[in-house]
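The structure appears below as structure tokens.
Since we're looking at a predicted model, the values are computed, not measured. As the structure lists them, so they are numbered: ligands from 1, and atoms in each ligand from 1. All heavy atoms count here, side chains included; hydrogens, waters and symmetry mates do not.
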Amino acid sequence: MNIALFGGTFDPIHRGHVIVARAAAAKFGLKQIWFIPADIPPHKQKAPITSFYHRYAMVSLALAGEREFVPSLLEAADPAIDGGQHKPSYSIDTVRRVKQTLGKSDRLYFLIGMDAFQDIAKWNEADELLAQCDFIVAARPGFSLADVASSLPEKLRPPPAVTKLFRKQKMEGPLVLPGVTLHMLPETHENVSATQIRAAVDRGSALKRLVPDAVAEYIHKERLYRNSATRKVATGKSN
Ligand code: ATP
């Protein structure tokens with residue numbers, strides 16, 4: 001079975017996330033996509049962030065009725081394991097844990113948008129993470145195949161002459177290099193972002209068409225993202 005992990009802050013989850021997952025499932029025959037909200041995303045530790053509980057609740061609401069999409073607690077702080085201490089969640093640890101539970105015929109993918117992939121070289125044990133599973137990189141506006149190649153950790157990057165040839169090429173793949181296989185997902189043109197949603201709530205604008213209805217209702221009921229500039233800042237150690 002083909003399974004993909006789709007990690008993110010999901011603050012909040014929105015239609016862009018769901019549409020990109022649907023497109024990836026169709027193109028790569030994914031039978032399950034696990035949406036994994038990070039407890040404290042290592043790259044967002046200085047930014048204000050909504051409680052894990054709210055973000056996970058919204059992921060669950062958004063995925064109701066999506067049979068192949070699983071809301072995952074894999075990166076939640078677990079009181080039974082670590083006394084509920086908040087630690088940064090590293091993707092490499094999650095991937096290793098998941099792989100231990102998979103069968104021989106399972107194939108693990110890692111789904112990621114190009115805007116996030118451009119920082120991949122800074123992730124914890126990036127080379128190892130890229131070696132552990134195939135990546136599906138979702139195209140975002142303005143990025144070329146050269147951007148994909150030059151985002152890789154130095155050891156895995158193709159020679160500059162090759163990357164130069166990619167400059168005018170759209171994000172179409174796969175890109176198979178020693179130690180890394182990257183599949184490309186064409187742009188879904190659903191250019192909504194969580195930042196845009198938080199700003200919309202702050203302005204009092206309607207969220208229709210940006211998030212699933214149940215998520216819009218939850219945001220309203222829980223009064224999330226009002227005065228988002230003054231939200232609490234998450235604490236945690238850095239990468
Ligand atoms: P923010 O605006 O707060 O940075 P975001 O909308 O990018 O948030 P994240 O939770 O940070 O949401 O994203 C999780 C993953 O989903 C990342 O890999 C990101 O690249 C991808 N992603 C987010 N929005 C889209 C979109 N509209 N289309 C395709 N991929 C997306």
Near I112, which atoms of ligand 1 are under 4.0 Å from a heavy atom of that residue? 18 (O)

With heavy atoms under 4.0 Å as the rule, classify the contact between V20 and ligand 1 as side chain, backbone, both or neither. side chain

V192: heavy atom below 4.0 Å from ligand 1, yes or no? yes

Classify the contact between A194 and ligand 1 as side chain, backbone, both or neither, using a heavy-atom distance cut-off of under 4.0 Å. both

Donor-acceptor under 3.5 Å (R22 side chain, E66 main chain): no

Quick check on G7 - does any of its heavy atoms sit under 4.0 Å from an atom of ligand 1? yes

Of all the heavy-atom pairs spanning Y218 and H54, show the shortest one and how long it is. OH-ND1, 2.7 Å

Does the ring centre of F28 sit less than 6.0 Å away from the ring centre of H183? yes

What are the atoms of ligand 1, with element, lying closer than 4.0 Å to any heavy atom of F10? 10 (O)

Do you see a donor-acceptor pair shorter than 3.5 Å between the side chains of S151 and Q118? no

Note: K155-D127 ion pair, threshold 4.0 Å (strictly below): yes

Which of the ligand 1 atoms, numbered from 1, are nearer than 4.0 Å to a heavy atom of R198: 3 (O)

Where does E190 meet ligand 1, judged by heavy-atom distances below 4.0 Å: at the side chain, the backbone, both, or neither? backbone

Nearest non-hydrogen atom to atom 25 (C) of ligand 1 belongs to which of Q196, E187, R140, H17? R140

Give the atom numbers and elements of ligand 1 that come within less than 4.0 Å of a heavy atom of F6. 15 (C), 16 (O)

Distance under 4.0 Å to a non-hydrogen atom of G16: what atoms of ligand 1 satisfy this? 27 (N)

For atom CZ of R209, decide whether the heavy atoms of other residues, nucleotides or ligands shown that lie under 6.0 angstrom number more than 12. no

Looking only at N/O atoms, are H14 and ligand 1 under 3.5 Å apart anywhere? yes

Can you list the atoms of ligand 1 that are under 4.0 Å from a heavy atom of D115? 7 (O), 19 (C), 20 (O)

Please find out if less than 6.0 Å separates the ring center of F135 from that of Y109. no

First locate atom CE of M114, then atom CD of E187, and finally report the distance between them rounded to the nearest 0.5 Å. 12.0 Å

Within the 4.0 Å heavy-atom shell around G8, which atoms of ligand 1 are there? 10 (O), 14 (C)

Does NZ in K99 sit with more than 12 non-hydrogen atoms of other residues, nucleotides or ligands closer than 6.0 Å? yes

With a cut-off of 4.0 Å, which atoms of ligand 1 are near a heavy atom of S193? 2 (O), 6 (O)

Where on F117 is there a heavy atom closer than 4.0 Å to ligand 1, on the side chain, on the backbone, on both, or on neither? neither

Name the orientation class of the two ring planes belonging to Y56 and F52 (parallel below 30°, tilted from 30 to 60°, perpendicular beyond 60°). parallel

